[in-house]
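Below, chain A is the first sequence line, B the second, and so on; all start at residue 1. Basis for what follows: all heavy atoms, side chains included, without hydrogens, waters or symmetry-related copies.
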Number of protein chains: 2
Amino acid sequence: MNRTRTSIVDIARAAGVSKSTVSLVLQGSPLVNDKTREKVSGLIDELGYVYNRGAANLRQARSKIVGIVVNDLTNSFFAELAVGMDLVVQSAGYVQFLAHSGESVDRQRQVIASMRENGIAGLILSPARGTEANDIKSLADSGIPVVVVVRNLPGAKVSTLLSDNYAGAKAAIRHLIGLGHRRIAFMGGFVDTAVFSDRVRGYRDALVEAGIPLNDNFIIHSAPSRAGGVAAVERMMLFAERPTAALCLNDAVAFGVCDGLRSNNIEPGKGFGIIGFDDVIEAKTAVPALTTVSVDPQGMGQRAAQLLLKQINAGQIDQESIVTSVRLVVRQSCGAPVKQPEEMA
Amino acid sequence: MNRTRTSIVDIARAAGVSKSTVSLVLQGSPLVNDKTREKVSGLIDELGYVYNRGAANLRQARSKIVGIVVNDLTNSFFAELAVGMDLVVQSAGYVQFLAHSGESVDRQRQVIASMRENGIAGLILSPARGTEANDIKSLADSGIPVVVVVRNLPGAKVSTLLSDNYAGAKAAIRHLIGLGHRRIAFMGGFVDTAVFSDRVRGYRDALVEAGIPLNDNFIIHSAPSRAGGVAAVERMMLFAERPTAALCLNDAVAFGVCDGLRSNNIEPGKGFGIIGFDDVIEAKTAVPALTTVSVDPQGMGQRAAQLLLKQINAGQIDQESIVTSVRLVVRQSCGAPVKQPEEMA
DNA sequence: CTGTTAGCGCTTTCAT
DNA sequence: ATGAAAGCGCTAACAG
C-alpha cells in the first residue's frame with residue numbers, strides 16, 4: 001500500500017551495499033560474491049521489491065515490448081493468430097501491447113502511434129482494410145522492425161507473411177486425391193492475377209505428381225464470386241465426363257458452386273468434393289460445413305513473432321523481403337472439428 | 001534510422017528555448033506564448049520527434065498502461081470480452097498489455113508479474129481455471145486496482161464482474177413468454193447454491209409479473225449435469241399437463257434436456273422451447289443451435305474497463321465490492337445470429 | 001511566460 | 001568483488 005514502491009536503493013541500504021551491487025545481483029552477474037548475492041536476494045523478496053523495467057528501458061534505450069495490432073479480434077482466425085504470437089512473444093520474455101483496430105485505419109494509426117511512444121521494440125501488423133504502406137513508413141524508417149501478416153501492403157519495405165498459394169493448392173488437391181477423386185476441376189478466376197496462377201500451378205503440379213492426366217477443360221474460368229461459382233457448375237454440367245470434385249479459387253466461388261450443385265440436385269460434400277481457398281474470411285460463417293484451404297492461424301502467428309524477434313535481436317530490419325507461409329488446414333467455420341466429404345460420386 | 005531518437009532537448013536547442021518550455025508545449029499548457037508554441041510545434045514534427053512516454057512514466061511514477069489477462073482468447077466469448085475492454089481502454093488514452101493465459105495458472109502468474117514490472121496502472125483478469133485469490137493478492141495489496149471478470153475468486157478483495165443471475169433468468173422467461181409459452185419449467189440444480197436460488201427467483205418473479213400461476217411441480221430438481229437434464233425430462237414426461245418450454249440451470253443440463261426430448265421424439269427448439277444458462281462456456285460448440293442466456297461479452301468487457309479506469313483515476317481501490325452485470329443475449333455457439341424456437345407445442 | 005535545478009529507478013563505465 | 005558518479009528523457013517546483 002506504499003505510495004512509493006521500494007526501489008533498488010532501498011534494498012541496497014538494507015543490505016549495506018551500493019545500488020550497483022544490487023543491480024548486478026538482479027542481472028545475475030557472476031561477479032558478485034555469493035554471500036552478498038544471498039543477502040541481497042533475501043532482502044529482495046523480503047521487502048517485496050519489484051523491478052522497474054521502465055527505468056531500465058529508459059537507461060538502456062531499448063525494451064522488451066512488442067506491439068501487435070490486429071484488424072479483428074472478433075474473428076476467430078485473427079484471434080488464433082494473436083494467440084500464436086502471444087505464445088512466442090511470451091516465451092521469449094517479451095510483453096505485448098495487443099490492440100484491435102476493428103478495421104479502422106484511423107484507430108490503427110492512433111494505436112500504432114501510441115505504441116511507438118511507449119517504446120515498442122517491434123510491431124506486428126495485421127492491417128485494417130485500406131491500410132497503406134505510408135501508415136507504417138515512419139515507424140519502419142525509424143529503425144523499428146515491422147512484420148506485416150495476412151494482407152499485403154504494396155510498397156511497404158517490411159517483411160510480410162502471406163499464405164503460400166502454390167503449396168496450398170497442391171495440398172488441397174492431394175487431399176482430394178487422397179479421398180479417391182481422380183477427375184478434379186479448378187473453378188473460378190481468370191489468368192491475370194498472381195494469386196490465380198499460383199493456385200492453378202499448384203493444382204496442376206499436384207495432379208501431375210499423382211500421375212493424373214491434365215485436362216484443360218477442367219480449369220473452368222469464371223468470375224471470382226458466388227455467381228461465378230454457379231456459372232462454373234452450369235458449364236461443368238455439360239461435360240460428358242464430369243469432375244467429381246473441385247478446388248475453388250476462393251470461398252465465394254465455393255459457395256456459388258454449392259448453390260449450383262444443389263440446383264442440380266447434387267449434395268455438396270457428399271456427391272461432390274469441394275474445397276475453397278479461404279480468402280473472404282468474413283464470409284466464413286455463411287456456410288458452416290465448407291471445407292477450406294487456409295493457413296494455420298496459430299502457426300502463422302508464431303512464425304510472424306519469431307520473424308520479428310529475430311529482426312529485433314539482429315538489430316537490423318529486413319527490407320522488401322516477402323516470406324510465405326504454407327500449411328493446409330481443413331477447417332469449417334468457427335474452427336470446429338473437420339468435416340470431410342463422406343462419399344464420392 | 002538514427003540510433004538515438006531525437007529528444008526534448010534536441011528540439012529545445014533547435015528552438016532556442018529550454019526543455020521545460022518544450023515539455024509545457026507537449027502538455028498543451030496555456031502558459032506558453034503562442035509564438036514559441038508555434039515554433040516548437042513546428043520543430044517537433046519537422047524533426048520527427050516522438051514522445052518518450054516511458055521517461056514521463058518514470059518521472060511521474062504512474063502510467064497509462066493497463067494489463068488484461070484472458071484465460072482463452074480462442075474462445076469467441078473471451079475474444080469479444082477483450083474487444084470490449086480494448087474499446088474503452090483505447091478511448092481513454094490508455095494502452096493495454098493483453099495476454100492469453102491458456103488456462104494455465106503458471107503462465108498467468110508469470111504474465112501478471114511481467115506486467116507489474118512494466119508498470120501497469122491496473123489489471124483486468126479473466127482468471128484461468130484454478131486461480132486463487134492469492135495469485136493477485138500482492139498486486140492488489142500494492143495498491144494497483146484489479147478487476148476480476150467472469151469467474152469468481154473467493155476471498156480476493158477486488159471488484160468482480162459476474163453475471164446477474166436473477167435478471168438473466170427473468171429475461172429468459174420473458175423471452176419464452178414472448179414466444180407464447182405459458183407452462184414453463186425450471187430444470188436442474190438443487191436448492192443449496194446461491195446461483196440456483198437467484199435463477200429460480202428470477203424465474204418465479206417473471207412468471208408472476210406476467211400473471212402466470214406458479215406451479216411448484218414445474219421446478220424440476222436434478223443434478224446440474226447433462227445426465228441431470230435427461231432425468232428431468234423423464235420426470236416431466238409423467239406430468240398430465242406438461243410444460244411446453246424450460247429454462248435450464250446451465251448449458252450442461254440443457255444439453256441433457258435435448259437428449260431426453262429426442263429420445264421421446266420431441267424436437268428441441270421446435271416442439272419444446274428451451275433456454276440454458278451459459279455457464280460451461282467450453283461446451284458451447286457442442287450443441288450448435290442451443291439458445292442460451294448469457295452476458296453480452298463486449299458489454300461486460302466495457303464495463304470492466306470502465307470500472308478499472310474509475311478506480312485508477314480515483315487513486316483508490318474497491319475492497320470486496322461485487323458488481324453484477326445484466327443483459328440477456330440469445331446466442332448460439334460461434335456467436336452466429338440468433339435462432340429461435342420456431343413453433344410451440 | 002521561460003529557465004534552472006533536481007530527481008524518477010535503473011545501468012554502466014571506471015576506479016578501487 | 002564493490003562503490004562512485006554520470007545520465008537515459010522527462011516533469012515539477014521554484015525563480016526570475
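Toward the 5′ end of DNA chain D lies the nearest nucleotide of K19(A), the other residue of the pair L24(B) and K19(A) mapping further downstream. Mapping V32(B) and R62(A) onto DNA chain C via the closest heavy atom, the residue that lands nearer the 5' end is V32(B).
Here the closest non-hydrogen pair linking A121(B) and P145(B) is O-CD, 3.3 Å.
As rounded to whole Å, 11 Å separates atom C1' of dA5(D) from atom CZ of R59(A). K39(A) places its NZ atom 16 Å from the P atom of dA1(D), with the value rounded to the nearest Å. Put simply, CG on L31(A) is 14 Å from C1' on dG3(D), counting in whole angstrom units.
Atom CZ of R37(A) sits about 7.0 Å away from atom OG of S29(A), to the nearest 0.5 Å.
The bend of the helix from dC1(C)-dG16(D) to dT16(C)-dA1(D), defined by the angle between the axes of its first five and last five pairs, stands at 30° to the nearest 10°.
Side-chain contact check for S114(A) and Q110(A): no donor-acceptor pair (N or O, by modelled atom type) lies under 3.5 Å. Between the side chains of T160(B) and R151(B), no donor-acceptor pair of N or O atoms lies under 3.5 Å. For the residue pair S101(A) and N71(A), no side-chain donor N or O sits within less than 3.5 Å of a side-chain acceptor on the partner. Between S104(B) and Q108(B), the side chains place no donor N or O within less than 3.5 Å of an acceptor N or O (distance only, hydrogens not considered).
A sub-4.0 Å separation between OP1 or OP2 of dC10(D) and a side-chain N or O of Q60(B) is absent.
Taking the side chain of Y51(B) as heavy atoms from C-beta on, and the options dT11(D), dG7(D), dA5(D), the nearest nucleotide is dT11(D).
At the heavy-atom level, G16(B) lies under 4.0 Å from the strands shown only through sugar-phosphate atoms. Nucleic acid contact for S7(A): sugar-phosphate only, since backbone atoms but no base atoms lie under 4.0 Å from a heavy atom of the residue. Using a 4.0 Å heavy-atom cutoff across all strands shown, A61(B) reaches no nucleic acid atom at all.
Side-chain N/O atoms of S23(B) and base N/O atoms of dA12(D) include no donor-acceptor pair closer than 3.5 Å. Between the side chain of S20(A) and the base of dA4(D), at least one donor-acceptor pair of N or O atoms lies under 3.5 Å.
Counting non-hydrogen atoms of other residues, nucleotides and ligands closer than 6.0 Å to CD of Q60(B) gives a total above 12.
Contact check on K19(A) versus D10(A) returns no salt bridge, with no Lys/Arg side-chain nitrogen under 4.0 Å from an Asp/Glu carboxylate oxygen.
Between I65(B) and N118(A) the shortest side-chain heavy-atom distance falls below 4.5 Å.
A nucleotide of DNA chain C counts as in contact with chain B when one of its atoms lies under 4.0 Å from a heavy atom; the first and last such, 5' to 3', are dC1(C) to dG9(C).
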